[in-house]
Amino acid sequence: MDYDFRSIEKKWQKRWAEDKTYKTVEDPSKPKFYVLDMFPYPSGAGLHVGHPLGYIASDIYARYKRLKGFNVLHPMGYDAFGLPAEQYAIQTGQHPEKTTTDNVARYRSQLDRIGFSFDWDRSFRTCDPDYYKWTQWAFIRMFKSWYDPEMDKARPINELIAKFESTGYDDITPEAWKKASAKKKSDILMRYRIAYQGETSVNWCEGLGTVLANDEVKDGLSVRGGFPVEQKKMTQWQLRVSAYAGRLLDSLETLDWSDSLKEMQRNWIGRSEGTEMVFDTVCGDIHKPITIFTTRADTVFGVTFMVLAPESELVDELTTPEQKEAVAAYIKEVKKKTERERIAETKTVTGVFSGSYGINPLTGEKVPIWISEYVLAGYGTGAIMAVPAHDSRDYAFAKKFGLPIIPLIEGADVSEQSFDAKEGVMINSGFLNGMNVKEAIEAAKDYVEAHGLGRRKTNYRLRDAIFSRQRYWGEPFPIYYKDGIATPMPDEDLPLLLPEIESYKSKNGEPPLARAKDWTYGGHPLETSTMPGFAGSSAYYLRYMDPHNDKALVSAEADKYWRNVDLYVGGTEHATGHLIYSRFWNKFLYDLGYVCEDEPFRKLVNQGMIQGRSNFVYRVVGTNKFVSLGLKDQYETTEIHVDINIVHNDKLDLEAFKAWRPEYNDAEFILENGEYICGWAVEKMSKSMYNVVNPDDICDSYGADTLRLYEMFLGPVEQSKPWDTKGIDGVNRFLRKFWRLFYDRDNFLVTDKPATPAELKALHKLIGKEQEDIESFSYNTTISAFMIAVNELSDLKCNSREVLEPLVVLLCPFAPHIAEELWERLGHTTSVTVAAFPEYKAELTVENNVTYPVSFNGKTRFMVDMPKSASPAEVEAQVRAMEQTAKWVGEQNIVKVIVVPGRIVNIVVK
RNA sequence: GCCCGGAUGGCGGAAUUGGUAGACGCGCUGGACUCAAAAUCCAGUGUCCCUUAAAGACGUGCGGGUUCGAUUCCCGCUCUGGGCACCA
């Protein structure tokens with residue numbers, strides 16, 4: 001009886017769906033384990049073979065944990081709001097809802113074929129009103145909260161209002177608060193709310209007709225669509241993510257994430273410890289103190305000028321009448337540039353003198369104040385002290401405009417370039433002279449604080465997230481404007497449904513919702529922008545815990561049971577977007593007591609990308625002749641991508657090639673050894689390179705179990721690697737061999753006779769290895785171990801149930817269909833899912849203090865640490881003892897005895 | 001420019017973290033079964049020297065070092081993948 005994967009896989013996928021085998025319910029008697037994949041955005045192209053990589057890895061882990069006795073939550077859904085569906089709608093007029101539904105159906109059918117153990121009853125799409133109700137709900141909570149720096153957490157805004165009324169807070173006195181109009185009060189509160197509306201410099205993308213968050217922009221272009229992005233001042237909804245910068249950074253330490261990903265987040269958050277210092281300034285006769293931020297307070301004796309950002313509010317106040325014209329011209333010039341041009345021209349130094357001067361608080365010296373785009377308005381105070389000798393940007397500026405350069409470090413040569421390193425001994429620096437740089441920084445900070453010239457300050461690079469998009473396909477804001485005051489809708493009226501509209505295009509910067517009919521609440525106009533893509537994905541993991549609850553995002557009971565995600569699998573591309581926003585969102589809900597864990601994702605594994613492996617043919621220029629790879633250097637050729645489906649093991653199927661396209665009908669070939677060998681390259685998997693591999697095709701010709709096994713066998717999960725169908729026969733062969741342990745041509749072979757020691761040893765080696773490797777995500781080596789075990793057992797002609805039954809359980813996480821089928825044929829009526837992972841018994845301790853470790857290269861090594869003081873005779877005795885032991889265990893072939901006098905003894909046996 | 005990773009046969013990748021480098025798979029070569037093919041099975045497969053074998057020498061990007069012993073640890077390079085990039 002042959003291994004008929006087609007009928008087996010169909011049968012079990014149907015049964016799992018009907019029986020709801022993977023439906024999960026809270027069960028306090030079992031420990032929980034939450035395994036989550038980053039849910040997909042259902043695009044029109046469907047899944048290629050790279051997409052399921054992470055899902056397979058997490059599914060293996062989920063199934064393994066179930067066998068280990070955990071109650072596993074393993075859900076899947078769709079991140080369905082967002083730009084691509086809407087862009088498609090603009091082009092075709094088709095409603096994004098329709099495209100999304102179609103794409104989701106396609107994804108679902110593709111996913112179902114791979115045999116995942118998802119609990120589909122918990123599935124949802126972020127564009128479902130039942131779900132986005134809770135996105136809106138969370139937004140209102142953020143609107144109604146402020147960040148209390150004393151308690152270092154978010155608190156209800158009413159507590160802040162109470163402070164204003166009683167004692168006052170910041171610069172608001174109780175009297176001022178009481179006198180303020182409703183509008184004025186609203187404006188004041190906006191300065192504190194976690195979700196607030198404020199004017200800020202934003203990434204405006206004309207091509208998409210919307211603003212974008214920092215992580216949605218790369219190299220001055222939009223990540224989606226690649227349109228140019230410019231800086232524009234606009235009033236937008238924002239989330240006060242920056243308030244959480246310190247906590248987001250600090251609690252990274254507690255997470256089991258890869259170092260590289262943590263590092264990326266650290267860079268993105270960008271903590272920098274420095275000093276805020278006040279400089280008095282003179283503009284004509286007017287004195288105005290301004291504050292700057294520096295991490296190099298030690299260099300204050302080398303300040304030779306100051307610089308303001310062009311967007312800084314101080315520019316107007318500090319420009320003298322004589323310079324007004326020049327400054328205005330410069331600012332106009334700067335504003336004209338797009339973000340991309342600004343990045344491209346970073347090497348070009350530009351600037352203009354403001355006409356006023358700053359006064360160095362330590363030396364009393366007068367230095368000119370310049371305006372330049374190399375200083376950013378959004379970071380620090382938008383004003384700096386410039387120390388050209390020790391900062392390369394200041395140096396370039398000073399050189400260009402002929403400003404003085406004073407070296408402050410002994411031996412530093414600043415004739416050609418600045419000396420930026422934080423090392424050396426201070427000179428020309430008053431009381432800091434003679435100290436090394438690190439001491440000097442601290443001493444300068446102390447001095448500044450002691451003399452009331454400023455204070456220590458930690459700055460972060462992380463900006464508040466811009467939360468509104470002038471687009472249609474997103475969550476509407478549950479906000480209406482009553483007399484111009486932003487007011488949240490009451491919770492009981494949520495969700496605020498996305499209205500139907502005629503055309504999805506935004507016109508003259510006016511969002512599509514502005515054209516929706518009756519877009520009002522209680523007669524007041526509703527907000528017309530929608531929320532960005534990351535809104536829906538920020539708390540979806542919480543919703544899976546309790547997806548049908550219409551009273552809360554997640555009930556306290558469900559939250560308390562599932563707590564947070566134990567294992568999260570997804571790509572690195574979300575390092576500075578989703579993974580920051582989710583952590584922020586979770587911390588916010590945690591502050592207000594809605595969830596019991598401070599961090600959403602305890603362990604994170606980043607799966608690598610699967611690249612395509614493209615094939616090429618070489619056309620001789622000016623002919624319809626194609627030359628094989630090995631001979632192509634003898635001709636002048638052009639390289640042409642060829643469909644990988646008509647190439648097998650880099651050998652071109654000539655007839656298929658002729659039939660591929662009309663222009664190749666009469667193609668001629670120059671062969672080597674009678675074959676046409678194609679060239680190849682690793683590239684992104686894409687239609688245009690004819691290298692896309694569809695998982696459906698693999699399932700058709702090899703089966704889902706082979707696909708699962710093969711994707712894992714390709715290499716470590718975290719690593720990016722090209723898809724190469726060549727090796728797939730190997731794992732398919734393995735499954736057929738596995739099957740043949742149970743069946744020969746006609747008979748079921750399994751008997752109840754007890755296993756031999758050799759058979760047991762083969763099994764237990766595998767158990768030990770699998771246990772160890774799955775925990776560390778080394779699935780490729782587990783599969784190797786499987787192949788070894790199956791080869792051994794097949795050589796031993798093992799047919800003992802005592803061995804074969806646990807073997808099926810061990811295979812189940814990797815190849816669930818075949819495991820389930822064999823499990824049933826072994827006479828079980830329940831799913832293999834509820835079986836127990838076999839207990840590992842291979843570790844034996846034998847006499848003479850020699851341990852017997854099971855090792856893997858077909859070799860076993862006995863090892864004993866000998867004390868340094870051991871005499872040659874003692875070493876000799878130990879060697880004897882170990883040889884004895886080796887024989888006792890039943891190993892005959894001693895390959896080598898390694899004796900290092902006084903240290904270690906090894907006996908290697910085959 | 002700054003910050004993380006990598007580099008091992010023809011290929012994908014192992015190596016119990018300092019102890020026979022190249023597990024496992026692919027590919028390739030030869031053989032068995034077969035009228036034949038597929039499938040399956042067996043043997044071989046790092047390089048060099050050699051008719052073959054034994055035996056040897058050389059081998060984990062390059063150059064040094066520590067060690068009885070280094071793919072693994074340290075120092076200095078080269079190449080490569082990724083992230084950040086006027087953040088004061």
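Side-chain atoms are counted along with the backbone in the values below, which use heavy atoms only and exclude waters and symmetry mates.
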Self-check item: Under 3.5 Å side-chain donor-acceptor pair for A/Asp215 and A/Tyr581
Solution: yes
Quiz item: Using a cut-off of 4.0 Å on non-hydrogen atoms, how would the nucleic acid contact of A/Pro722 be classed: base, sugar-phosphate, or nothing?
Solution: nothing
Quiz item: What's the closest nucleotide to the A/Trp268 side chain, out of B/A85, B/A88, B/C86?
Solution: B/A85
Quiz item: Is it true that atom CG of A/Asp795 has more than 12 heavy atoms of other residues, nucleotides or ligands lying nearer than 6.0 Å?
Solution: yes
Practice problem: Provide, to the nearest angstrom, the distance between the CD1 atom belonging to A/Ile728 and the C1' atom belonging to B/G27. | Solution: 16 Å
Quiz prompt | Closest-nucleotide ordering on RNA chain B, the 5'-leading residue of A/Arg271 and A/Ser720 | solution = A/Ser720
Quiz item: Can B/U17 be described as syn, meaning its chi torsion is within 90° of 0, or is it anti?
Solution: syn
Practice problem: Flag the pair A/Val387 / A/Tyr395 as yes when at least one side-chain heavy-atom distance between them is below 4.5 Å, and no otherwise. | Solution: no
Practice problem: Walk me through it: do A/Asn606 and A/Thr572 pass the test side chain to side chain donor-acceptor pair (under 3.5 Å)? | Solution: CA-CA 6 Å; A/Asn606 291 118; A/Thr572 10; 4.9 Å; no
Self-check item: Main-chain N/O of A/Arg266 paired with A/Arg271 side-chain donor or acceptor, under 3.5 Å
Solution: no
Practice problem: With C1' as the reference atom in both, quote the distance from B/G6 to B/C58 in angstrom, rounded to an integer. | Solution: 26 Å
Quiz item: For B/G25, does either OP1 or OP2 sit under 4.0 Å from a side-chain N or O belonging to A/Asn791?
Solution: yes
Quiz item: What's the closest nucleotide to the A/Arg733 side chain, out of B/A88, B/C24, B/U40?
Solution: B/U40
Self-check item: Whole angstrom value for the distance that separates P of B/A43 from CG of A/Asp795
Solution: 8 Å
Exercise. Would you indicate what A/Gln719 reaches in the nucleic acid, counting non-hydrogen atoms under 4.0 angstrom: base, sugar-phosphate, or nothing?
Key: sugar-phosphate
Self-check item: Below 4.0 Å: OP1/OP2 of B/C86 and any side-chain N or O of A/Ser392
Solution: no
Quiz item: Do the numbers put A/Arg463 on top of the ring of A/Trp268, so that NZ or CZ is under 6.0 Å from the six-membered ring centre and no more than 45° off the axis?
Solution: no
Quiz item: If we take the P atom in both B/C24 and B/A15, what is their distance in whole Å?
Solution: 14 Å
Practice problem: Check every strand shown and say whether A/Ile384 touches a base, only sugar-phosphate, or nothing at a heavy-atom separation below 4.0 Å. | Solution: base
Quiz prompt | Nucleotide nearest A/Asn780 (side chain, heavy atoms from C-beta), chosen from B/A88, B/A14, B/A39 | solution = B/A14
Self-check item: N/O (side chain, A/Arg266) to phosphate O (OP1/OP2, B/C4) under 4.0 Å
Solution: no
Quiz item: Once you round it to whole Å, what is the distance between P of B/G82 and CE of A/Met264?
Solution: 11 Å
Practice problem: Take the protein atom CE of A/Met712 and the nucleotide atom C1' of B/G12, then report the distance between them rounded to whole Å. | Solution: 14 Å
Quiz prompt | Consecutive Watson-Crick or G-U pairs in runs of at least 3, all under 3.5 Å, in which RNA chain B is involved | solution = B:1-7 with B:78-84, B:10-12 with B:24-26, B:27-32 with B:40-45, B:46-48 with B:56-58, B:61-65 with B:73-77
Quiz item: Relative to the ring of A/Tyr840, is the ring of A/His764 parallel (under 30°), tilted (30 to 60°) or perpendicular (over 60°)?
Solution: tilted
